[in-house]
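Just below is one structure, and these are the notes that go with it.
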Amino acid sequence: MNLDKRRVTVTEALARLPGPKGERFATVFEHGSLEAEVYAPRGADPQTPHTRDEVYIVVEGSGEFINGASRERFGPGDFLFVSAGIEHRFVNFSDDLVVWVIFYGPEGGEANKPEGSRR
């Protein structure tokens, strides 16, 4: 898949799963600090904290999302934000879970940017 492509469909992204080692995620777009992936865990979500801020946009499926000390229900269309370094994972989720994952910004997250800087 061309990672410079300006439009990626869910169908195109899911065609890349599972990866060669059984991965349930695949990078589908990159531009500057922005990296977009499709993620479709099955059974359990083995994630560990990431080094950059990230956003999940739920395409399909439902369940609960643990984000630090909070635990919330989610469903299609929901937007979930996770700061860099925070424990998080999907739990009790349906077998059809598919999310877009957007990583962006500097290592350590936006909170570590100099004060007063917006970009």
Side-chain angles (χ1 to χ4, degrees):
M1 175 176 282
N2 176 357
L3 296 182
D4 290 326
K5 191 174 178 180
R6 301 284 186 213
R7 178 177 180 265
V8 179
T9 67
V10 172
T11 301
E12 289 171 329
L14 287 174
R16 302 193 58 196
L17 299 180
K21 296 180 182 172
E23 300 94 343
R24 298 301 309 171
F25 64 91
T27 301
V28 297
F29 181 81
E30 293 178 319
H31 180 79
S33 75
L34 180 95
E35 180 180 328
E37 297 180 351
V38 65
Y39 182 49
R42 296 297 179 256
D45 178 8
Q47 291 190 79
T48 57
H50 301 106
T51 61
R52 296 191 298 153
D53 292 334
E54 64 184 301
V55 169
Y56 293 95
I57 301 169
V58 181
V59 174
E60 191 170 354
S62 61
E64 296 174 294
F65 187 65
I66 296 172
N67 187 353
S70 74
R71 182 184 196 117
E72 297 187 50
R73 302 253 343 126
F74 69 84
D78 286 356
F79 175 101
L80 308 166
F81 172 79
V82 181
S83 294
I86 300 296
E87 289 278 347
H88 63 284
R89 70 184 39 81
F90 295 95
V91 295
N92 302 322
F93 54 88
S94 57
D95 291 336
D96 61 348
L97 180 59
V98 176
V99 297
W100 290 118
V101 186
I102 312 297
F103 291 101
Y104 68 93
E107 293 291 320
E110 290 284 326
N112 292 328
K113 289 181 76 170
E115 269 191 56
S117 113
R118 292 211 38 136
R119 294 185 184 241

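Any value given below was found using the heavy atoms of this structure, including those in side chains, with hydrogens, waters and symmetry copies removed. These numbers were taken from a predicted model, which means no experiment stands behind them. Numbering starts at 1 and runs along the sequence shown.
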- Can you hop from Tyr104 to Val82 via hydrophobic side chains spaced under 4.5 Å?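 Hydrophobic grouping puts Tyr104 apart from Val82.
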- Query: Are Val58 and Phe81 in one and the same hydrophobic cluster, where Ile, Leu, Val, Met, Phe, Trp and Tyr link if side-chain heavy atoms are under 4.5 Å apart?
  - Reply: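 Not linked; separate clusters.
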- Query: Is the shortest heavy-atom distance from the side chain of Pro106 to the side chain of Arg52 under 4.5 Å?
  - Reply: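 A side-chain contact under 4.5 Å is absent here.
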- Is there a side-chain contact between Glu54 and Val101, using heavy atoms and a 4.5 Å cut-off?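 Contact flag for Glu54/Val101 side chains = yes.
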- Could you give me the CA-CA distance, side-chain angles and deciding distance for His31 and Arg6, then say whether side chain to side chain contact (heavy atoms under 4.5 Å, CB included) is met? CA-CA 10 Å; His31 180 79; Arg6 301 284 186 213; 4.1 Å; yes
Rounded distance [0.5 Å steps], [atom1] in [X] versus [atom2] in [Y]:
X: Ile57; Y: Trp100; atom1: CD1; atom2: CH2; result: 9.5 Å
X: Arg16; Y: Thr27; atom1: CZ; atom2: OG1; result: 7.0 Å
X: Glu23; Y: Leu17; atom1: CD; atom2: CG; result: 9.0 Å

- Can you sort out the partners of Ile102 under side-chain contact (heavy atoms from CB on, under 4.5 Å), two or more places apart, ordered by chain and number?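 Partners of Ile102 by the side-chain contact (heavy atoms from CB on, under 4.5 Å) criterion, ordered by chain and then number, come out as Leu34, Ala36, Val55.
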- List for me each residue that meets side chain to side chain donor-acceptor pair (under 3.5 Å) alongside Ser33, sequence neighbours excluded, and say none if there are none.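 Residues passing side chain to side chain donor-acceptor pair (under 3.5 Å) with Ser33: none at all.
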Determine the minimum heavy-atom distance between [X] and [Y], stating which atoms define it.
X: His88; Y: Thr48; result: CE1-O, 4.1 Å
X: Leu97; Y: Arg42; result: O-NH1, 2.8 Å
X: Ala40; Y: Val98; result: CB-CG2, 4.3 Å
X: Gly61; Y: Ser94; result: CA-OG, 3.2 Å
X: Val8; Y: Val28; result: CG2-O, 3.7 Å

- Item | ring pair (Phe, Tyr, Trp, His ring centres under 6.0 Å) against Phe25, all qualifying residues, sequence neighbours excluded |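 Partners of Phe25 by the ring pair (Phe, Tyr, Trp, His ring centres under 6.0 Å) criterion come out as none, since no residue qualifies.
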- Message: List the residues meeting ring pair (Phe, Tyr, Trp, His ring centres under 6.0 Å) with Phe103, not counting sequence neighbours, and say none if there are none.
- Response: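 For Phe103, the residues satisfying ring pair (Phe, Tyr, Trp, His ring centres under 6.0 Å) (neighbours in sequence not counted) are His50.
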- Item | Check against side chain to side chain contact (heavy atoms under 4.5 Å, CB included), Val99 and Phe65 | CA-CA 12 Å; Val99 297; Phe65 187 65; over 6 Å; no
- Task: Determine whether the aromatic ring centres of Phe93 and Phe74 lie less than 6.0 Å apart.
- Result: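 Not under 6.0 Å, so no.
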- Query: With distance as the sole test, does Asp53 use its side chain to make a donor-acceptor pair with the main-chain N or O of Ser83 at under 3.5 Å?
  - Reply: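 No; zero donor-acceptor contacts below 3.5 Å.
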- Query: Which ILVMFWY residues can you reach from Val91 by hopping between side chains whose heavy atoms are under 4.5 Å apart?
  - Reply: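 Traced through the cluster, Val91 reaches Ile66.
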- Walk me through it: do Asp78 and Tyr56 pass the test side chain to side chain contact (heavy atoms under 4.5 Å, CB included)? CA-CA 8 Å; Asp78 286 356; Tyr56 293 95; over 6 Å; no
- Can you list every side chain to side chain donor-acceptor pair (under 3.5 Å) pair that touches residues 57-75, not counting sequence neighbours?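 Side chain to side chain donor-acceptor pair (under 3.5 Å) check on residues 57-75 returns Glu64-Arg71, Glu64-Asn92.
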